[in-house]
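Shown next, in structure tokens, is the structure this report addresses.
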Amino acid sequence: MKKLAFIGLGNMGRAIASGIVKSGAVAAENVYGYAPHWDKLEAYARETGIRPCRSALEAVAQADTVLIAVKPYVIEGVLSELKDALKGKALLSVALGYDYDRLSALLDESTRIQFIMPNTPAMVGAGVLLFEQKNSLEDKERAQILSVFAALGAVKELPSHLMGVGGAISGCGPAFCALVIEALADAGVKYGLPRDAAYLLASQTLAGTGRMQIETGMHPGAIKDGVCSPAGTTIRGVEALERAGLRAAMLDAVQAVMEKKA
């Protein structure tokens, strides 16, 4: 992957592009972008150093690898316009619901395809990037792409039938985690913490706990038990969360996402 083109630079497209440029995985001058609002695209290009393009066809023509990050309801129209231009190139797609089989039905057989489900923390190098195992990239090419995306966070390969629930956890999860951060910070403000301090404490505590679990492999229950002293204060808080149905709420949230996808 020498030159990379982005078709669509909304929240997710910008998160990935910014993460790749910041990490140095691809030099900014080798990243091309197209988005329908030229003024916003030009401002983003000035900020990041990528090259703005006036059309999707122009962007695709400059690159050997194309990442499409448009809304699912427009992807078929976009790919119809780009089908010929994408011949012989690698296409990475983050459009929800368009896995390898759906994409391959829309493209020439010479287009090499990889479906990816990222999340927004990729912008700061702390994302989750789910790669569908079914793909048509060349082995060496795929290894390079996996390496590039590893600069954005944790890369995980999943079989096609598990991409949906994987995306429910990692793709929707930042919103769920943000609610937890906001609620925990509100509790701190209630008892006198300044708002900025409350957000810092809540966010870093959530981030640090996640990192500790990943790096140590500890069961989440063991992490919880390590903080809960007998007859102590933390176990009282845990009891309150259990009574309030925190676990059931998380299960219900993922179920709601999966029912929508179905």
Side-chain angles (χ1 to χ4, degrees), residues 1-98 103 106-108 111-131 135 137 141-142 144-153 155 171 174:
M1 181 169 60
K2 296 178 180 178
K3 295 187 176 182
L4 174 63
F6 282 81
I7 307 302
L9 282 163
N11 289 338
M12 187 55 68
R14 288 198 305 272
I16 298 171
S18 296
I20 287 175
V21 170
K22 286 177 182 176
S23 72
V26 180
E29 61 266 25
N30 291 328
V31 177
Y32 300 80
Y34 167 74
H37 301 290
W38 177 254
D39 290 345
K40 291 182 179 178
L41 174 60
E42 208 172 24
Y44 179 71
R46 284 195 302 270
E47 175 189 333
T48 58
I50 72 166
R51 299 178 185 269
C53 298
R54 288 282 185 177
S55 72
L57 284 169
E58 179 189 348
V60 171
Q62 306 300 320
D64 53 85
T65 304
V66 177
L67 191 147
I68 189 161
V70 300
K71 298 294 185 184
Y73 67 87
V74 301
I75 190 171
E76 293 192 19
V78 173
L79 290 181
S80 176
E81 176 189 350
L82 299 176
K83 183 175 181 178
D84 287 340
L86 288 168
K87 289 180 179 178
K89 296 181 185 285
L91 177 73
L92 315 178
S93 175
V94 299
L96 188 63
Y98 281 81
L103 289 168
L106 300 171
L107 295 163
D108 184 80
T111 303
R112 303 181 302 281
I113 298 167
Q114 174 70 69
F115 173 47
I116 305 168
M117 294 185 71
N119 64 4
T120 50
M123 183 181 295
V124 294
V128 174
L129 299 308
L130 300 180
F131 275 64
N135 70 91
L137 297 179
E141 177 180 55
R142 191 166 194 260
Q144 183 187 18
I145 289 170
L146 286 167
S147 177
V148 167
F149 275 79
L152 308 181
V155 171

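Heavy atoms only: backbone and side chains are in, while hydrogens, waters and symmetry mates are out. Sequential numbering from 1 along the given sequence is applied to the chain's residues.
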Which atom pair, heavy atoms only, marks the closest approach of [X] to [Y]?
X: P174; Y: N119; result: CG-ND2, 4.0 Å
X: F115; Y: A95; result: CE1-O, 3.4 Å
X: L103; Y: S93; result: CD1-CB, 3.6 Å
X: A63; Y: L4; result: CB-C, 3.9 Å

State which residues pass side-chain contact (heavy atoms from CB on, under 4.5 Å) with L96; sequence neighbours excluded, sorted by chain then number.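 L96: side-chain contact (heavy atoms from CB on, under 4.5 Å) contacts with P72, M117.
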
Residues two or more places apart in sequence or in another chain: which of them pass side-chain contact (heavy atoms from CB on, under 4.5 Å) with S147?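 None.
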
Pairs under 3.5 angstrom only: tabulate donor-acceptor contacts from the side chains of residues 73-86 to other protein residues two or more places apart or in another chain.
{"residue": "E76", "atom": "OE2", "partner": "Y98", "partner atom": "OH", "Å": "2.8"}
{"residue": "D84", "atom": "OD1", "partner": "K87", "partner atom": "NZ", "Å": "3.4"}

Suppose we screen for side-chain hydrogen bond (donor to acceptor under 3.5 Å, both in side chains). Which residues come up paired with [X], at least two apart in sequence or across chains?
X: E47; answer: none
X: R51; answer: none
X: D108; answer: S110
X: T65; answer: none

Quick one: side chain to side chain donor-acceptor pair (under 3.5 Å) pairs with a partner in residues 8-20, sequence neighbours left out?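 Qualifying pairs: N11-R14, S18-Y44.
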
Filter on salt bridge (Lys or Arg N to Asp or Glu O under 4.0 Å), then keep only pairs touching residues 112-130, sequence neighbours left out; what's left? R112-E141

For Y34, all residues meeting ring-ring contact (aromatic ring centres under 6.0 Å, His included), sequence neighbours excluded: none

How would you list, by chain and number, every residue that makes a ring-ring contact (aromatic ring centres under 6.0 Å, His included) with F149, sequence neighbours excluded?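 In terms of ring-ring contact (aromatic ring centres under 6.0 Å, His included), with neighbours along the sequence ignored, F149 is linked to F131.
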
Would you check, one step at a time, whether the test side-chain contact (heavy atoms from CB on, under 4.5 Å) holds for V60 with K89? CA-CA 9 Å; V60 171; K89 296 181 185 285; 3.9 Å; yes

Decide side-chain contact (heavy atoms from CB on, under 4.5 Å) for I50 and F6; before the verdict, give the C-alpha distance in whole Å, the side-chain angles of both, and the deciding distance to 0.1 Å. CA-CA 10 Å; I50 72 166; F6 282 81; over 6 Å; no

Hey, which of L130, L92, L146, V155 is the one that makes side chain to side chain contact (heavy atoms under 4.5 Å, CB included) with I116? L92

Please report, to 0.1 Å, the donor-acceptor pairs under 3.5 Å made by any side chain of residues 21-30, with sequence neighbours excluded.
{"residue": "S23", "atom": "OG", "partner": "G19", "partner atom": "O", "Å": "3.2"}
{"residue": "S23", "atom": "OG", "partner": "I20", "partner atom": "O", "Å": "2.9"}
{"residue": "S23", "atom": "OG", "partner": "A25", "partner atom": "N", "Å": "3.1"}

Does the side chain of N135 come within less than 4.5 Å of R142's, by heavy atoms? yes

